[in-house]
> 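Please find one structure pasted underneath; my questions will follow.
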Amino acid sequence: CRPRCRPVVAPQAARRQLWKLHRVRGAQGRIVSATIADYMTTDLVSFAPDDTIVEAMRVLLSRQLSGAPVIDQAGQMVGILSQKDCFAIVYNAAYHQEPGGHVQQYMSREVEHLEADCSVVDAADHFLHSNFRRFPVLREGSLVGLISRHDILRALDELYLRPGRA
């Protein structure tokens, strides 16, 4: 009995397929390339490193967010607080009777990100090879938005799957 797996695509064939998708003809017939800046979310909820962790967790719950960036006083992203990071709060409360602290104690500091000028296809490839559901989007080192799997699927639908785009 063979385990279920994805069909194997030769690396060169996969690159050709991605390149075909990467080249999109605009209204005037010119080849254009859509970037994630066109599809990212820019209305962001963010936290400061010294925000209380309990309040931050409540914001994630009330806004139904899977995570939010952590921004320092200089406006630089220093981490991300995710729902997974918040499990440590519950653990501390249940076993050590210490619910509390600050966002900086629980946030993830090593954060993968995408640049705002990244193409939609390159971002799709990044999501394909990652377990993350969303990535911060930076321009010149500053946070300008978040891009999610949903945003990329919407972009791919608009750019490549709608009638008249063949």
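These values consider heavy atoms only, across backbone and side chains, with no hydrogens, waters or symmetry-generated copies.
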> Would you please name every residue forming a ring pair (Phe, Tyr, Trp, His ring centres under 6.0 Å) with Phe87, sequence neighbours left out?
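Checked Phe87 against ring pair (Phe, Tyr, Trp, His ring centres under 6.0 Å); zero matches.
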> Find the distance between CD1 (Ile152) and CG (Asp125) and round it off to the nearest 0.5 Å.
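Reported to 0.5 Å precision, the distance equals 11.0 Å.
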> Between the main-chain N or O of Leu65 and the side-chain N or O of Gln83, is there a donor-acceptor pair closer than 3.5 Å?
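Indeed, once roles are kept as given, a pair shorter than 3.5 Å links the two residues.
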> Assess the residue pair Val144 and Met40 against the criterion (side chain to side chain contact (heavy atoms under 4.5 Å, CB included)); give the C-alpha distance rounded to whole Å, side-chain angles, the decisive distance to 0.1 Å, and a yes or no.
CA-CA 9 Å; Val144 293; Met40 68 186 180; 3.7 Å; yes
> What's the shortest heavy-atom distance between Ser148 and Phe127, and which atoms?
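Minimum heavy-atom separation between Ser148 and Phe127: C-CZ, 3.7 Å.
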> Please give me the minimum heavy-atom distance between Met77 and Pro69, naming the atom from each residue.
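Closest approach of Met77 to Pro69, heavy atoms only: SD-CB, 4.1 Å.
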> To check you understand the geometry: which heavy-atom pair defines the closest contact between Arg109 and Met107, and what is its length?
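Looking at all heavy atoms of both residues, the shortest contact is NH1-CE, 2.6 Å.
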> When clusters are formed by joining ILVMFWY residues with side-chain heavy atoms under 4.5 Å apart, either directly or through shared neighbours, do Leu146 and Val70 land in the same one?
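No; tracing contacts between hydrophobic side chains, which count when under 4.5 Å, never links both residues.
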> Atom CZ of Arg134 and atom CD of Glu112: how far apart are they, to the nearest 0.5 Å?
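Between Arg134 CZ and Glu112 CD, I get 15.0 Å after rounding to 0.5 Å.
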> Leu159 versus Tyr39: any side-chain heavy-atom pair under 4.5 Å?
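Result yes, sub-4.5 Å side-chain heavy-atom pair found.
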> Could you walk me through whether Asp50 and Val103 satisfy the side chain to side chain contact (heavy atoms under 4.5 Å, CB included) test, starting with their C-alpha distance in whole Å, then the side-chain angles of each, then the deciding distance to 0.1 Å, before giving a yes or no?
CA-CA 6 Å; Asp50 58 351; Val103 168; over 6 Å; no
> For the atom pair CE (Met57) and CZ (Phe47), what is the distance rounded to the nearest 0.5 Å?
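Met57 atom CE to Phe47 atom CZ measures 10.5 Å (nearest 0.5 Å).
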> Determine, using the 4.5 Å side-chain heavy-atom cutoff (strictly less than), whether Val78 and Leu60 are members of one ILVMFWY cluster.
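Hydrophobic grouping puts Val78 with Leu60.
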> Check the side chains of Ser108 and Asp85 for a donor-acceptor pair under 3.5 angstrom, ignoring hydrogens and angles.
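The answer is yes; a qualifying pair exists.
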> If two hydrophobic side chains count as joined below 4.5 Å and joins carry through other members, does Leu156 share a cluster with Leu114?
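Both belong to a single hydrophobic cluster.
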> What heavy-atom pair brings Ala37 and Arg139 nearest, and what distance separates the two atoms?
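Scanning both residues, the minimum pair turns out to be CB-NH2, 3.8 Å.
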> Compare every heavy atom of Ile36 with every heavy atom of Ala116, then report the nearest pair and how far apart it is.
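For Ala116 and Ile36, the tightest heavy-atom pair comes out as O-CG1, 3.7 Å.
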> Any sub-3.5 Å donor-acceptor pair from Asp157's side-chain atoms to Leu161's backbone N or O?
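It does not hold such a pair.
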> Which value, rounded to the nearest 0.5 Å, describes the distance between Ser130 atom OG and Arg149 atom CZ?
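Ser130 atom OG to Arg149 atom CZ measures 7.0 Å (nearest 0.5 Å).
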> Between Arg154 and Asp151 (salt bridge meaning N to carboxylate O under 4.0 Å), is one present in this structure?
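Yes.
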> Would a single hydrophobic cluster contain both Leu138 and Phe132, if residues Ile, Leu, Val, Met, Phe, Trp and Tyr are joined by side-chain heavy-atom contacts under 4.5 Å?
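No, separate clusters.
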> Rounded to the nearest 0.5 Å, what separates atom CD in Glu55 from atom OG in Ser62?
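The OG atom of Ser62 is 9.5 Å from CD of Glu55, to the nearest 0.5 Å.
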> Following the transitive rule for hydrophobic clusters with a side-chain heavy-atom cut-off under 4.5 Å over Ile, Leu, Val, Met, Phe, Trp and Tyr, establish whether Val111 and Ile71 coincide in one cluster.
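They do share one cluster, since a chain of ILVMFWY contacts under 4.5 Å joins Val111 to Ile71.
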> I need the minimum non-hydrogen distance between Ile80 and Pro136, along with the two atoms involved.
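Where Ile80 meets Pro136 most closely, the heavy atoms are CD1-CG, 3.5 Å.
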> Compare all side-chain heavy atoms of Ile147 with those of Thr41 and state whether any distance is below 4.5 angstrom.
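With C-beta onward as the side chain, the pair stays apart.
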> Using modelled atom types only, decide if a donor and an acceptor are shared between the side chain of Arg133 and the backbone of His150 within a distance under 3.5 Å.
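Checking the backbone N and O of His150 against the side chain of Arg133, no donor-acceptor pair under 3.5 Å is found.
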> At what distance, to the nearest 0.5 angstrom, does NE2 of His102 lie from CG of Leu81?
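The NE2 atom of His102 sits 13.0 Å away from the CG atom of Leu81.
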